[in-house]
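Worksheet: the structure to be examined is printed underneath.
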Amino acid sequence: MKNNIKYLVTAALPYANNYVHIGHVAGAILPPDIYVRFRKLKNDDVIFICGSDEHGTAIEMASILEKVTPQEIIDRYHFSNKKAFEDLGIRFDIFSRTSSEIHKVTASEFFLNLYNKKLLYQKTEKQLYSEKEKRFLADRFISGTCPVCGFEEARGDECENCGSNLSPLELINPRSKITGDTPVEKETTHFYIPLADYQEKLSEWLSEKKNWKANVINYCKGWLKSGLRDRAVTRDLDWGVKVPVKGNDGKVIYVWFEAPIGYISMTKEFFIGKNEPEKWKEYWSGKDSRLIHFIGKDNIVFHSIIFPSMLMAHGGFNLPYNIPANEFLNIGGRKFSKTRGNAILLRDIVQKFNPDVVRYTIASIFPENKDSEFTWEDLQAKNNNELASILGNFVNRTVVFAKSKFGNVIPEFPDSGSHMKENGILEHIKSKADAVADNIENFRFRDALSEAMDAVRSANKYFNDSEPWKLIKDDKEKCSAVINTCLEICHSLAILFEPFLPFTSDKILHILDKDTSGLKWENIGKRVLKSGTALGENSILFPQIEDSTVKELNLKYNIGIDPGNSPVNVEDTNNMNVISIEDFHKVKLRVAKVLKCEIVPGSKKLLRLKLKVGDTEKQIVSGISEHYKPEEIEGRLIIIADNLKPSKIMGIDSEGMLLAAKKGGKLKIVTVDGDIEDGAEVN
RNA sequence: GCCGGGAUAGCUCAGCUGGUUAGAGCGUCGGAAUCAUAAUCCGCAGGUCGGGGGUUCAAGUCCCUCUCCCGGUACCA
């Protein structure tokens, strides 16, 4: 049933200084894709907007550190992320970027609108300025000695040693992180938006939002309660949208102000591409239009407080209808972290697995109410026990049956006879679809998915209870009705699962030799197939995922290594924690002689080493076979951590760890300078 | 320090304004079936709902307190 509402759905703009990981996907990308796909199946008027957020200090910093242009940085991540989203089946109507011309114009106009209405004011402040680089230094470009604890590598915004929040001006001996020179204090003038002016209107507006998620409302209340502070909307930086007011050279619009305007400019761009350059206004200003922002919880303030304030200040735009923010997806009990090497990048995971398996796994653990936990074991279990066993198997057993017993065509559904059960199961699938729809409309995607899976369970039950393998022997007509119905169910499932598993949905249609003309939500539970149609080639929808794959991935992503037991917990290679000599002595390093070395069969990079350490022999498993052949290591002296807690890697005991130096894909094992007896202590 | 959120079966999580024997999926175990990727279906078992105290006829659900985890934010400088 089509309604008159226009849905303008946005996904949080990924920042183009990194590859997106599955945490982003779980928080802000996949939920809207499911939502939008569902709306489209219902023939609702919906558009799905996203793109890269490409300005700001972090990108400029990255470009300086890598000695490339900012353009190279953003191109790298923009195109890679775009491709990764496509591979996952995320179907944006547009995935653009904030470096586009239309965005710069739109953001400038927005800024000028506020400026001309005198809704911004200017204020002069002291900031640190590097005379050598001829630029003001952003907080994160500065390090210095912490005035609180004396830590010498404190950052401009906070001290990682004592946790104090700092302003760069407080640092003792501040220096530029780029050149190392000492900056000076210099005055600079910036535009500010007085957010407090919008506090009352915001409170009023938010108090009407009865159906928003509690976590979002709570968050907003907290901010409003403590009072909104004015925020600078410009800053001294090269990389960004220039401030469109004379006398502001070297200043750009602050990225927090400019980026959300990207939603607007990208909508414009989308309709320009469709030759309807004015139509974007219907979505942003129309009476029956609903703006829905899908974001992660880190973005709640911007979307529920700051951007709405901006929209109020500007006027003429709808405020967000809903902001179904998700919490965070963790891995191994910890947050995704680049430095720990445990971030699972979208580009990697879609290469390794069927994207629908990734979609299913993530959707089933969406952090809708609280942070949730991703494990590879989970992905394997969801694939093997749910997708393969329940869904894949239902389709397969039905199709294989039709092929072998009905000559590879869709058998007839006879007019005669009673078909209570046959019609009943289709009605039941339909009622499940209603439950799925209700859940999706209310942003309860996990529940929606589990309802959909329930529909397949009942389909399997129908198959079992009908016992077609018996009917084929003594009541072929009834059997025909059953298998026909099961194939119809397959078609219904293709629709029902399309929002979650679009690739699988497609495959099922192929197997049924059906085009997408019937792919409408209203067709769920209806009989739409033509009997006599030859079935397409059947394929296994979800091949099993082996244990060895899971172990390999756990190793690769450093999962399962107990952080509490490691004596030295290195948080960040740039900023190493200081440890005592006692801490160091906890690690017993010894020289070991490699007696025998062999590749661990089935592994990607594991070697099994038999070692002689003084009087004892031990075995370790090490992930270095991409760098060393077994014969290169045999007979050599290496250094091992001797008293490491033993562990099993791919079922093989490992009683230590060899030392190796690693940088940028290169790896060299640590050895000794000359000959010495194995077992010798290293310190 | 202060504010907010979290701690529920082996695992991942639901439990709205307090109300009959605390739920689901997966896993485990038992049974049925054999068309199907040994895939299905049915059933049993599993929790003193982080600890302690309180309010109430009744608390996972409200109040107090403690422990641990995660966010946000202030000051001392």
Side-chain angles (χ1 to χ4, degrees), chain A residues 145-150 154 157-159 162-167 169-172 210-211 213-227 229 296-298 300-301 325 327-330 333-335 360-375 377-406 439 442 444 446-447 449-454 456-473 479 482-483 486 538-546 564:
Chain A
T145 303
C146 172
V148 181
C149 70
D157 50 354
E158 70 164 0
C159 171
C162 70
S164 304
N165 291 300
L166 304 169
S167 125
L169 296 174
E170 298 171 327
L171 289 175
I172 302 162
K210 301 292 182 209
N211 54 353
K213 289 172 67 169
N215 56 344
V216 179
I217 289 288
N218 271 340
Y219 214 96
C220 295
K221 279 185 185 161
W223 271 74
L224 291 172
K225 199 173 143 195
S226 59
R229 292 203 208 170
K297 65 176 166 186
D298 52 328
I300 291 175
V301 191
E327 307 274 317
F328 287 148
L329 184 70
N330 297 324
R334 297 165 150 217
K335 267 211 277 297
Y360 184 86
T361 304
I362 294 178
S364 66
I365 56 167
F366 273 162
E368 288 172 0
N369 299 310
K370 57 181 176 187
D371 289 2
S372 66
E373 184 79 16
F374 174 91
T375 66
E377 284 83 356
D378 221 33
L379 179 136
Q380 179 195 31
K382 305 261 187 216
N383 179 77
N384 295 358
N385 306 332
E386 296 181 36
L387 288 172
S389 300
I390 300 173
L391 176 57
N393 183 235
F394 176 74
V395 175
N396 189 53
R397 70 197 299 202
T398 300
V399 173
V400 168
F401 199 99
K403 285 195 171 230
S404 63
K405 308 291 197 250
F406 290 97
N439 280 313
N442 290 294
R444 293 187 301 256
R446 277 201 322 230
D447 287 348
L449 189 52
S450 106
E451 289 285 356
M453 223 45 201
D454 263 357
V456 195
R457 286 192 186 94
S458 48
N460 270 313
K461 181 171 167 52
Y462 167 74
F463 196 111
N464 274 23
D465 293 351
S466 303
E467 302 184 307
W469 56 91
K470 284 184 184 163
L471 292 175
I472 191 67
K473 289 172 191 153
C479 184
V482 169
I483 295 304
C486 284
N538 188 25
S539 62
I540 296 297
L541 294 173
F542 302 100
Q544 296 287 317
I545 293 172
E546 304 298 330

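Numbered from 1 within each chain, the chains take letters A, B, ... in sequence-line order. Computation of the quantities below employed the complete heavy-atom set of this structure, encompassing side-chain atoms and omitting hydrogens, waters and symmetry-equivalent molecules.
- For the pair A:Asn439 CG and B:rA14 P, the computed distance is 14 Å after rounding to whole Å.
- Here the shortest heavy-atom pairing between A:Leu449 and A:Ser364 reads CD2-N, 3.8 Å.
- Residue A:Asn369 has no polar side-chain atom (N or O) positioned under 4.0 Å from OP1 or OP2 of B:rG6.
- The side chain of A:Lys370 lies closest to B:rC13, out of B:rC70, B:rC13, B:rG5.
- We find that CG of A:Leu391 is positioned 17 Å from P of B:rG25, with the value rounded to whole Å.
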Secondary-structure string, 5' to 3', Watson-Crick or G-U under 3.5 Å, | for another-strand partners, for RNA chain B
(((((((..((((.....[...))))..((((.......))))......(((((..]....))))))))))))....
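- A side-chain donor-acceptor contact under 3.5 Å links A:Asp371 to the backbone of A:Phe328.
- Checked by atom type and distance alone, the side chain of A:Asn384 never pairs as donor or acceptor with a backbone atom of A:Ser389 at under 3.5 Å.
- The residue among A:Ser450 and A:Ile365 whose nearest nucleotide of RNA chain B lies closer to the 5′ end is A:Ile365.
- The aromatic rings of A:Phe463 and A:Phe401 sit perpendicular to each other, their planes meeting at more than 60°, with 30° as the lower class boundary.
- Glycosidic conformation at B:rG54 (O4'-C1'-N9-C4 for purines, O4'-C1'-N1-C2 for pyrimidines): anti, more than 90° from 0.
- Relative to the side chain of A:Ile390, the nucleotides B:rC26, B:rA14, B:rG5 differ in distance, and B:rC26 lies closest.
- Of the listed nucleotides (B:rA14, B:rA74, B:rC41), B:rA74 has the atom at the smallest distance from the side chain of A:Arg229.
- The structure places CD1 of A:Ile365 at 9.0 Å from CZ of A:Arg446, a figure rounded to the nearest 0.5 Å.
- In this structure, A:Glu327 pairs ionically with A:Lys297, as a charged nitrogen and a carboxylate oxygen lie closer than 4.0 Å.
- Comparing B:rA9 with B:rC3, their P atoms sit 29 Å apart, to the nearest whole Å.
- Separating the CD atom of A:Glu373 from the P atom of B:rC13 is a distance of 6 Å, rounded to the nearest angstrom.
- A straight line from CG of A:Asn385 to C1' of B:rG27 spans 8 Å, rounded to a whole angstrom.
- Going from atom CH2 of A:Trp223 over to atom P of B:rG5 covers 17 Å, rounded to whole Å.
- Using modelled atom types, one finds a donor on one side chain and an acceptor on the other under 3.5 Å when comparing A:Asn538 with A:Asn396.
- OP1 or OP2 of B:rC26 lies within a sub-4.0 Å distance of a side-chain N or O belonging to A:Arg457.
- Counting all heavy atoms, side chain and backbone alike, A:Asn215 lies closest to A:Ala325 at ND2-O, 3.5 Å.
- In this structure, A:Tyr462 OH and A:Cys486 SG are separated by 5.5 Å, a value rounded to the nearest 0.5 Å.
- Look at NZ on A:Lys213: it is 15 Å from P on B:rG5, rounded to the nearest Å.
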Heteroatom pairs (N/O) under 3.5 angstrom, protein to nucleotides 34-37 of chain B:
residue: B:rC35; atom: O2; partner: A:Arg397; partner atom: NE; Å: 3.3
residue: B:rC35; atom: N3; partner: A:Arg397; partner atom: NE; Å: 3.3
residue: B:rC35; atom: N3; partner: A:Arg397; partner atom: NH2; Å: 2.6
residue: B:rC35; atom: N4; partner: A:Arg397; partner atom: NH2; Å: 2.8
residue: B:rA36; atom: O3'; partner: A:Asn396; partner atom: ND2; Å: 3.1
residue: B:rA36; atom: O2'; partner: A:Asn393; partner atom: ND2; Å: 2.9
residue: B:rA36; atom: O2'; partner: A:Asn396; partner atom: ND2; Å: 2.9
residue: B:rA36; atom: N1; partner: A:Arg397; partner atom: NH2; Å: 3.3
residue: B:rA36; atom: N3; partner: A:Asn393; partner atom: OD1; Å: 3.1
residue: B:rA36; atom: N3; partner: A:Asn393; partner atom: ND2; Å: 3.4
residue: B:rA36; atom: N3; partner: A:Arg397; partner atom: NE; Å: 3.3
residue: B:rU37; atom: O2; partner: A:Gln544; partner atom: NE2; Å: 3.2
residue: B:rU37; atom: N3; partner: A:Phe542; partner atom: O; Å: 2.8
residue: B:rU37; atom: O4; partner: A:Phe542; partner atom: N; Å: 3.0
residue: B:rU37; atom: O4; partner: A:Phe542; partner atom: O; Å: 3.4

